Undergrad: 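Take a look at this one; I'll ask things after.
Computed from a prediction, not measured in an experiment: that's the story for all the values here. All ligand and atom numbering here is 1-based and tracks the order in the structure.
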Amino acid sequence: MHSFSLDDLAAIISARAQSTASSSYTKSLLEAGPGRAAKKFGEEAVELVIAAVEGKRPEIVSEAADVLYHLLVLLASRGVTLDEALAELERRTSQSGHEEKAARPGAKSAAR
Ligand SMILES: N=c1c2ncn([C@@H]3O[C@H](COP(=O)(O)OP(=O)(O)OP(=O)(O)O)[C@@H](O)[C@H]3O)c2ncn1[C@@H]1O[C@H](COP(=O)(O)O)[C@@H](O)[C@H]1O
């Protein structure tokens with residue numbers, strides 16, 4: 001288990017919000033706004049998808065790190081905290097994914 005956590009990264013991103021765009025990539029993304037942060041997240045997600053399909057482990061690790069970083073910047077750009085997303089994940093632990101889907105209005109079958 002690694003000691004560096006997403007909380008640590010979120011704290012770094014939050015601190016960089018007080019920085020300048022010329023010295024901080026994070027700040028340059030935040031300054032450009034949620035649209036820019038969302039576009040970067042989408043690009044990194046596609047790169048992770050490609051790496052996953054190709055099955056190249058080092059690329060998967062690297063692209064996953066890019067996705068996690070850009071996800072946190074995207075959340076920060078909209079003032080959403082990592083804690084809020086984790087609270088939603090914690091709430092979902094009370095039922096399985098199949099159960100949750102089956103409980104949606106108009107759901108026909110639980111699993112595919
Ligand atoms: N984890 C990251 C991280 N992962 C990826 N990136 C940057 O994300 C950028 C996007 O990658 P691309 O390959 O898409 O680069 P690009 O095509 O040149 O980007 P664009 O021109 O499209 O914006 C690169 O500049 C990477 O360096 C990151 N930048 C920062 N961090 C963390 O944030 C901290 C603060 O960084 P600064 O805000 O720059 O001080 C760092 O110490 C790290 O802990």
Undergrad: Quick one: does ligand 1 sit under 4.0 Å from the side chain of Asp66, the backbone, both or neither, non-hydrogen atoms only?
TA: side chain

Undergrad: What residue and heavy atom of the protein are closest to atom 43 (C) of ligand 1, and at what distance?
TA: Leu9 CD1, 4.7 Å

Undergrad: Within 4.0 Å of atom 26 (C) of ligand 1 (strictly less), any protein heavy atom?
TA: no

Undergrad: Show the nearest heavy-atom pair for residues Gly79 and Glu84, with the distance to one decimal.
TA: O-OE2, 4.0 Å

Undergrad: For the residue pair Lys101 and Ala107, what are the closest heavy atoms and their distance?
TA: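 Looks like O-CB, 3.2 Å.
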
Undergrad: Which residue holds the protein heavy atom closest to atom 28 (C) of ligand 1, what is that atom called, and what is the gap in Å?
TA: Tyr69 CE2, 3.4 Å

Undergrad: Which pair of non-hydrogen atoms, one from Lys27 and one from Thr20, has the smallest distance, and what is that distance?
TA: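 What the structure gives for the nearest pair is CG-C, 3.5 Å.
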
Undergrad: Could you check atom 41 (C) of ligand 1 against the protein and tell me its nearest heavy-atom contact, residue, atom and distance included?
TA: Ile12 CG2, 4.8 Å

Undergrad: Please examine the side chains of Leu30 and Arg16, heavy atoms only from C-beta on, and report whether any two atoms are closer than 4.5 Å.
TA: no

Undergrad: Within a distance of under 4.0 Å, is there any protein heavy atom near atom 35 (C) of ligand 1?
TA: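 Yes; the ligand atom in question has protein heavy-atom contact below 4.0 Å.
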
Undergrad: Give, for atom CG of Leu82 and atom CG of Leu75, the distance between the pair rounded to the nearest 0.5 Å.
TA: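 Between atom CG of Leu82 and atom CG of Leu75 there are 7.5 Å.
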
Undergrad: Can you tell me which portion of Thr26 lies within the under-4.0 Å heavy-atom range of ligand 1? Options are side chain, backbone, both, or neither.
TA: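 Thr26 to ligand 1: contacts from backbone and side chain alike.
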
Undergrad: Does Ser77 use its side chain to pair, donor to acceptor, with the backbone of Leu74 at less than 3.5 Å?
TA: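 A pair under 3.5 Å: yes.
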
Undergrad: Within a 6.0 Å radius of atom CD on Glu88, are there more than 12 heavy atoms belonging to other residues, nucleotides or ligands?
TA: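 More than 12 within 6.0 Å, yes.
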
Undergrad: Within the structure, does at least one protein heavy atom fall under 4.0 Å of atom 23 (O) of ligand 1?
TA: yes

Undergrad: Using a plain distance cutoff, I'd like to know if Glu43 has any nitrogen or oxygen under 3.5 Å from a nitrogen or oxygen of ligand 1.
TA: no

Undergrad: Shortest non-hydrogen contact from His70 to Leu29?
TA: CD2-CD1, 3.8 Å

Undergrad: For atom 21 (O) of ligand 1, grab the closest protein heavy atom and report residue, atom and distance to one decimal in Å.
TA: Arg36 NH2, 4.1 Å

Undergrad: Provide the number and element of each atom of ligand 1 under 4.0 Å from a heavy atom of His70.
TA: 8 (O)

Undergrad: Locate the shortest heavy-atom distance separating Asp66 from Glu44; write the atom from each residue and the value.
TA: OD2-OE1, 3.3 Å

Undergrad: Of the non-hydrogen atoms in Glu31 and Ala21, which two are nearest, and what is the gap between them?
TA: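 Shortest heavy-atom contact: OE1-CB, 3.6 Å.
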
Undergrad: Suppose we measure from atom 14 (O) of ligand 1 to each protein heavy atom; which comes out shortest, and what is that distance?
TA: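 Protein heavy atom at minimum distance: Lys40 NZ, 2.7 Å.
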
Undergrad: Please indicate, with yes or no, if any protein heavy atom is found under 4.0 Å from atom 18 (O) of ligand 1?
TA: no

Undergrad: Tell me: protein heavy atom nearest atom 11 (O) of ligand 1, and distance?
TA: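 That would be Glu44 OE2, 3.7 Å.
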
Undergrad: Can Leu6 be reached from Phe41 by stepping across I, L, V, M, F, W or Y side chains whose heavy atoms are under 4.5 Å apart?
TA: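 Yes, Phe41 connects to Leu6 through the hydrophobic network.
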
Undergrad: Identify the protein heavy atom lying closest to atom 8 (O) of ligand 1, giving its residue, its atom name and the separation to 0.1 Å.
TA: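 Scanning the protein heavy atoms, the shortest distance from atom 8 (O) of ligand 1 goes to Tyr25 CE2, 3.1 Å.
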
Undergrad: What protein heavy atom sits nearest atom 42 (O) of ligand 1, and how far off is it?
TA: Arg16 NH2, 4.3 Å

Undergrad: Once you restrict to heavy atoms under 4.0 Å, what part of Glu63 touches ligand 1? Side chain, backbone, both or neither.
TA: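 Near ligand 1, Glu63 shows nothing, with every heavy atom at 4.0 Å or more.
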
